[in-house]
Amino acid sequence: MTTIKNILQKELFLPNDERLVGIANVAQAGKKKKSSKQSFLCVAVFTNVDGVSHVNVYLVKKSDKEKYKKKLTWPLRDLKVVDGKDANKEHADFDLHLEKVYKWTASSVLERNAFISCLWKHAQRHLQHMKPKFENVPEALLEEIIKPLAGGHMTQEGVSMVMDEDYQELTTKEEEDIESLMSECAAAISNAETFTEQLSKKLSILDGANMHVIMGSEDQVFNLMKLLDDGIKQAETIESKLDSYDKILQGVKEQMEMMKEKDTLMSVRNQNHQKLLAELENLVKQLELEEKYSSSLSNGDLSTPNGILDCTAAAQQLQRCQHAAIHPALKKMGAAEEQLRKFNQLASSFSKRLSHYLNNLFIHQGNEMGETLSRQSSDLRLPPHNSSHRDLTPYTELMAWLKQSDRDAFRQLTKVYTNNLSKLYVKEIQFFLETAKQVAVGKGDKSRLNISGGRLSGSSASLSTPMDAKNRAGSVHSIDSASVADGDMAMRHLFDQVFDKVLSELEPMCLAEQDFCCKFFHLQSGVQQAPKQSDVIDEAEDTGDIWMKQKPKITIQLAEDDSYPREYIVENLGEGLTSKVPTWQLRQINDEIRSLLTDLFPNLQDDLDGFIQSSDRQDGYYSMYMLVRMNEHVANTQDAGSFLSVTFASSLVKIKRNFDKFVQQQIKTIEENKVSKKAKCGIISFVHTFEDFANQAEVIFRNSERHTDLDKAYQKLVAAIFGSIQRIAAEHPKTPKEVIMMENFHHMHSTLSQLKIPCLENEKKEAKAKYNEYLSAYTKERLGRPLEKLHVFVEGVNAKMNQGVKPEEVGFQLAFSKTELRKVIKEYTGKEVKKSLENLYKKLEKHLSEEENLYQVVWVSMQGEFIAQYKSYEELIRKCYADSNITLEFTIDNVLEFFSNIAQSH
């Protein structure tokens, strides 16, 4: 117990300058004591600066966290009765009568008795009046000083109390006398026995002197004693009066202390009353709704601007009252509950009235605009909904109130709005796209476009080069046989304008509806940046249709406030404030917007895709126009997560697939191309049409981000063309392989040089290399050896020299003598050579095509090859038959003249 007392003194009473004088470990009578939560009754004394002591009784409890806390406090003067239950029987129960009766059971009889004795002792010392009564308590406990217990031993607490009471400090005068006395004897400190003997001797001397004086003045002593007796009597009389005065003053003192405490309590009570009054005034102010607001909510006109403003202000005031910042405990007050119940009823009534009115308004607007649609003109444009949005805008704040107050009614109104408007939008878009189809195929009036010249406003002549019609007849859907006539180019240019008009009409319509819905239904998408659309398409190609089911990636612009790096600034259109929205909530808002727009435009994706597929079936070239145009509109859509962006991006994926399919179909057509075997081949048709395709494509894709897709298509097409040229050259029975390869690769090189397409630079070099290779091969193959016998003779001479015969000794060989050489040379006169060359040129005319016109090129190549052979013959004659004066019958000048005359004659 001593340990616990020290702990309590240190933790609870020492900080308040209180002294713990009594303690008992107790539990409530009749209840089982819990070891986890101990309770102690403590008696503590506090002495203020005036020297006045106050005694308090405390109930201290030990919590689950091993901490001691004061739970209850009573002044000792409030103690009325201490009931020991039974004075003749030892037990641990006792009662304390305070503001009510507290029944306790101490942990032991000794603790109970010590605590009751402590209460009695301090009540006797510190309370003059209003002392508590001690009933059924053994008289042995009601003593000023604790007596030893049975066995002759005193408890540690009793010894402490006795020591506290007997101990008195020395006064200053007494301390000085003792010091003076001790200073007279030097051995007072070092030798206590000598000091004691000296003191005894002095005391004996003083006693003897006193006795002599007393014996010598007996009469004086008698008179002195008489005077002392009289003084004692008078002192006793005065003391009795002073005691009575002291008792009176003590009572006054206690009453003054009680008045002081009561004054303090009254001050605290007044402060509490003021705070309570302020709280009640604030409560009444926050829960007070003016009558004009109640009237507006009940009977306000929702069809006039002033009535809408009044109802909006009233709804906002009602919402302020319903969500007033008051303490939860105050909401349990009967008046507050009744007022809140009244507000809820008023909100429910106004919610029903507002929902009913807006429901009818939505239906009415849908029917009215539907009648306008039936009178819609045939112009290629979508009817605006500005007037409808303008009529609904005044109800924006009321929709915000309804969204917070009645979620079910808000959702139902949203559903009514989307159901009515979606039917209208479906009809408008279908009619609009059908009109666009009619205009695109030339059946409608082009003036219905209502647009100026588009990006592709150049004439058709600038897009193509006229070619032989017989090589271009057939379907316009195939590169192999597509006819780039002026009419086709005009139709394609018209389609480009129509498709751009379609997207230009759909885009503002969707964005206007999205903007209105965000404000009216209080949704707001984040500030986003659209990703590069080529990346979107590449991702779609990689993931296939799965991408269509996934949400597009979005990039959110971070707020400027660095203290919120993971939150974003979103404008609250209802309040006109800025608020921080976390990422997950921003994504949820975007989903709500897309969901709402999807309900409003349920068939937009299918209708737009149907228009795209129908156009693609009409002309495969349209896929290129659509790819460029759609990419431009997707790139201009800033909100990458919006409904329009997702819709256009999805259509862009389909257009890209159509373009790839179109290119693949052209490749297949090239690979399966068959040419006539009854006539010479010439330039193959797909070589011509690739030039037309490339010229048109370069105009269509000029400055477009989708040019990379065209570059990929170029490489695939050129690879297919090169392969098919070689295949056809190997299969054709009429035209030599070298001629087909030479002419077609020459044409491809010329085309690629004119186009100047960077991605086809390697293919251009390859085409030139192929052309030069087969030009040389054809020249050597067709020119052959025009001086055949001379050529055989020269080969024999070279063979002998290779065998080791010296050049000057070759003439001595019988077969290669000078005579034999002259015989061979005589057979090749100038006339014979010219005739042979004329026959050669006739063969060229049969093999080469007039379209590519490579006659002169090949003829010059053959001329160079013939002269090279001539020079080699002359060199051998000079080397082996020196000084023989043997020469050919014709000169190089004659050869040049022969070639020139033959070329001019043809």
Side-chain angles (χ1 to χ4, degrees), residues 464-485 488 620-621 662-697 713-755 757 760 762-778 781-782 843-855 857-858:
S464 62
T465 304
M467 295 295 174
D468 188 2
K470 66 180 181 180
N471 292 328
R472 309 261 190 105
S475 170
V476 297
H477 201 76
S478 171
I479 277 185
D480 180 52
S481 57
S483 177
V484 192
D488 294 335
Y621 276 83
F662 171 67
V663 173
Q664 192 61 39
Q665 183 178 356
Q666 312 319 311
I667 293 174
K668 182 179 180 182
T669 302
I670 292 171
E671 293 175 346
E672 295 177 354
N673 182 274
K674 303 292 183 181
V675 297
S676 175
K677 297 182 179 180
K678 296 181 180 180
K680 61 182 177 182
C681 181
I683 303 301
I684 307 173
S685 59
F686 55 70
V687 175
H688 279 307
T689 52
F690 172 76
E691 180 180 3
D692 299 334
F693 170 82
N695 284 325
Q696 293 181 70
Y714 278 152
Q715 292 175 339
K716 294 178 181 178
L717 288 169
V718 171
I721 289 172
F722 284 3
S724 294
I725 290 175
Q726 296 181 14
R727 174 181 57 81
I728 293 174
E731 296 175 354
H732 202 279
K734 293 290 185 180
T735 306
K737 172 183 177 181
E738 294 79 9
V739 172
I740 296 175
M741 297 287 286
M742 173 183 63
E743 289 184 331
N744 284 276
F745 278 107
H746 176 268
H747 195 91
M748 285 297 298
H749 176 263
S750 176
T751 299
L752 296 178
S753 298
Q754 293 175 3
L755 291 174
I757 301 174
L760 296 179
N762 292 333
E763 286 75 3
K764 183 180 73 172
K765 295 179 180 179
E766 182 182 355
K768 184 177 181 180
K770 291 285 186 182
Y771 158 69
N772 290 330
E773 175 187 352
Y774 286 100
L775 172 62
S776 176
Y778 179 72
E781 177 68 23
R782 292 303 161 184
K843 292 182 179 180
L844 291 182
E845 289 180 333
K846 292 182 179 180
H847 294 159
L848 300 181
S849 63
E850 297 178 0
E851 184 179 357
E852 195 62 18
N853 194 20
L854 291 179
Y855 298 112
V857 175
V858 176

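Along the sequence shown, residues carry numbers from 1.
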Could you check if a side-chain atom of Q666 sits within less than 4.5 angstrom of a side-chain atom of F690, using non-hydrogen atoms only? no
What's the separation between atom CG in L752 and atom CG in N762, rounded to the nearest 0.5 Å? 11.0 Å
Within this structure, what is the CD-CD1 distance for the pair Q715 and I757, rounded to the nearest 0.5 Å? 10.0 Å
Straight-line distance of Q664 CD to T669 OG1, nearest 0.5 Å: 10.0 Å
F686 vs L717, side chain to side chain contact (heavy atoms under 4.5 Å, CB included): CA-CA, chis, key distance, verdict: CA-CA 10 Å; F686 55 70; L717 288 169; over 6 Å; no
Verdict with supporting geometry, K770 and F722, side chain to side chain contact (heavy atoms under 4.5 Å, CB included): CA-CA 10 Å; K770 291 285 186 182; F722 284 3; over 6 Å; no
Heavy atoms, side chains only, cut-off 4.5 Å: are N673 and S724 in contact? no
Looking at A713 and V663, what are the two nearest heavy atoms and their distance? CB-CG2, 3.7 Å
Tell me, do L755 and N695 make a side-chain contact under 4.5 Å, heavy atoms counted? yes
Please verify the inter-ring angle class for Y714 with F693; under 30° counts as parallel, over 60° as perpendicular, anything in between as tilted. perpendicular
Determine, for R727 against E731, whether the closest basic-nitrogen to carboxylate-oxygen distance falls under 4.0 angstrom. yes
Do M748 and K764 make a side-chain contact, defined as non-hydrogen atoms from C-beta onward lying under 4.5 Å apart? no
Working note: Y774 + E743, criterion side chain to side chain contact (heavy atoms under 4.5 Å, CB included); need CA distance, chi angles, decisive distance, verdict. CA-CA 9 Å; Y774 286 100; E743 289 184 331; over 6 Å; no
Sub-4.5 Å side-chain heavy-atom contact between N744 and H747: no
H746 and Y771 aromatic centres sub-6.0 Å: yes
Gap separating the CD atom of E773 from the CZ atom of F745, nearest 0.5 angstrom: 9.0 Å
Roughly how far apart are N772 CG and H749 NE2, rounded to 0.5 Å? 8.0 Å
From CG (L775) to CE (M742), nearest 0.5 Å: 6.0 Å
Taking the side chain as everything from C-beta on, heavy atoms only, tell me whether I684 gets closer than 4.5 Å to V687. yes
